[in-house]
Amino acid sequence: MNAIDTAIREAASAIMLDKVSKSYDGTTEVIPPLDAELRAGEFTVVLGPSGCGKSTLMQMIAGPERVSGGTISFGTRQVQDLEPKQRGCAMVFQNYALYPHMSVFDNIAYSLKVAGMPKPERVERVEAVAKMLGLFDLLARKPGQLSGGQRQRVAIGRAIVREPGVLLFDEPLSNLDAQLRHDMRMELAELHRRIGATTVFVTHDRVEAMTLADRILILNKGRIEQF
Amino acid sequence: MGLARYPGDQFLTNVVRIFSETLIPQQMANSLVVAVGDALVTCVLSFISAYALVFFPVRWGSVVFALIPATIMLPLDIRVITTYQVASNVLSPINALLDITGVNGLIAQVFGAPVMLEWSVLNTHFGLIAPLVAHGTGTFLFRQFFLVLPRDLVKAARMDGAGPIRFLFDILLPLSRPSFAALFVLTFLGGWTQYLWPLVASSTPNMQTAVVGLARLAPDTEGVMPDFPLIMAGAVVVSIIPLVMIAVLQRYLVRGLVLSEK
């Protein structure tokens, strides 16, 4: 266990959804008012068919998508009106969304750089994360020179380097082949055991949900079917 | 005889005469200023307008975007007279506005004379460049490039805490480098070979561009034999810079125009 693990474990906060709803045009509700409490430090998988609103829900927790009604709290803080960077959560995207022109190091360090962290501290943090994810030898490479699994790990590194209390995954394994998917699943479970962030993982794969989750939230047409 | 494959023995003499007897060197400097200025400003304007149209929810955005390619359908050659009128007095629209609204009538009553603002940009480098820069091709090029970028890249940058300006400089600008190079070369060539506008907008030989100067080497007076060896040597000299430009930047040119490349 190192500094980053501890920092994330301490920052992990519960996510409270209180009558959260989303509607794009004001008449049809993508997500009708929805209540849920995701406990601190737990690995929650949101499972549901395509188009059931699980990605929308995720985006609302992360920030890029605004809520149409209701409140979202991390611990005791209400965050629904905050910008993504102020919420203290990080996200891993389905197609990784790495910055193609930056090296692995710069990709992971970018958020720290934006936040104005001094260089020596930045280097230290990035190297710690890279060691944890087995990326240390790849720091100078560009994303184009990496395999799918490695890119995935860079995306995870980019998310956890900020020591977020809440970690969000948007179908991160759907682009990988079967073998790699299996391996990454194991790695993710292992990672979660180590860092203990409150994790929300969106998927439509039942096996993935069963193997990874502490709790599973089943979503259908924006409604919680089972939690 | 047909076409001569190689320059004759007087080629160098004629090139030297271009540099010593004509204004072509100075006019090439003018061309360079016009072409580079045109290319730079066009790149910046296109980049910014495409950025606004693609990444921000602009009201009537698609209407605005539909109007932009319309500038391609109205090239300078068609609107040259209007452009000349505006360039001869950039402030004339303000005068017209004052006239129409009746403000000028009031001013004339109070101060004895109406306001007539005047600012001519004819025969200046600015006047040569400005009418060329607002052009839809670049906006179109950048827009198409931005649209093929993964949407999640924007979200990822936001999650990393980058605001619109940081995203522009740290992520979008480095990624757009090939598009920039392609647009720069194309606009540079367009600016360098521009004939009609520099011809009407510049009235003194030392403000004319190289292409206009080259045409002026042939005398307009009837019965006088043009100095063809001199003119041809001039044509070669004037073509060198765009050729070098293409030679140096052609791989970007291709990369920037092929949008599907990863």
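Naming: A, B, ... by sequence-line order, numbering from 1 per chain.
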A.B. asks: Pair B:Phe167, A:Tyr99 - check ring pair (Phe, Tyr, Trp, His ring centres under 6.0 Å), show working.
C.D. replies: CA-CA 11 Å; B:Phe167 175 70; A:Tyr99 311 124; 8.3 Å; no
A.B. asks: Heavy-atom distance under 4.5 Å to chain B: side chain of A:Ala62, backbone, both or neither?
C.D. replies: both
A.B. asks: Between the side chains of B:Thr42 and B:Thr187, is a donor N or O closer than 3.5 angstrom to an acceptor N or O?
C.D. replies: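 No donor-acceptor contact under 3.5 Å links the two side chains.
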A.B. asks: Determine whether B:Phe55 and B:Tyr51 satisfy the following criterion, ring pair (Phe, Tyr, Trp, His ring centres under 6.0 Å), listing intermediate values before the conclusion.
C.D. replies: CA-CA 6 Å; B:Phe55 292 106; B:Tyr51 180 56; 5.6 Å; yes
A.B. asks: Mind checking which of residues 100-112 of chain A sit less than 4.5 Å from chain B, heavy atom to heavy atom?
C.D. replies: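 The residues closer than 4.5 Å to chain B, in numerical order, are A:Pro100, A:His101, A:Met102, A:Tyr110, A:Ser111.
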A.B. asks: Using only atom types and a distance under 3.5 Å, with no angle test, would you say the side chain of B:Ser31 pairs donor to acceptor with the backbone of B:Ala210?
C.D. replies: yes
A.B. asks: Salt bridge between A:Lys113 and B:Asp170, side-chain N to carboxylate O under 4.0 Å?
C.D. replies: no
A.B. asks: Scan the side chains in residues 149-159 of chain B for donor-acceptor partners under 3.5 Å anywhere in the protein, sequence neighbours excluded, and list what turns up.
C.D. replies:
none

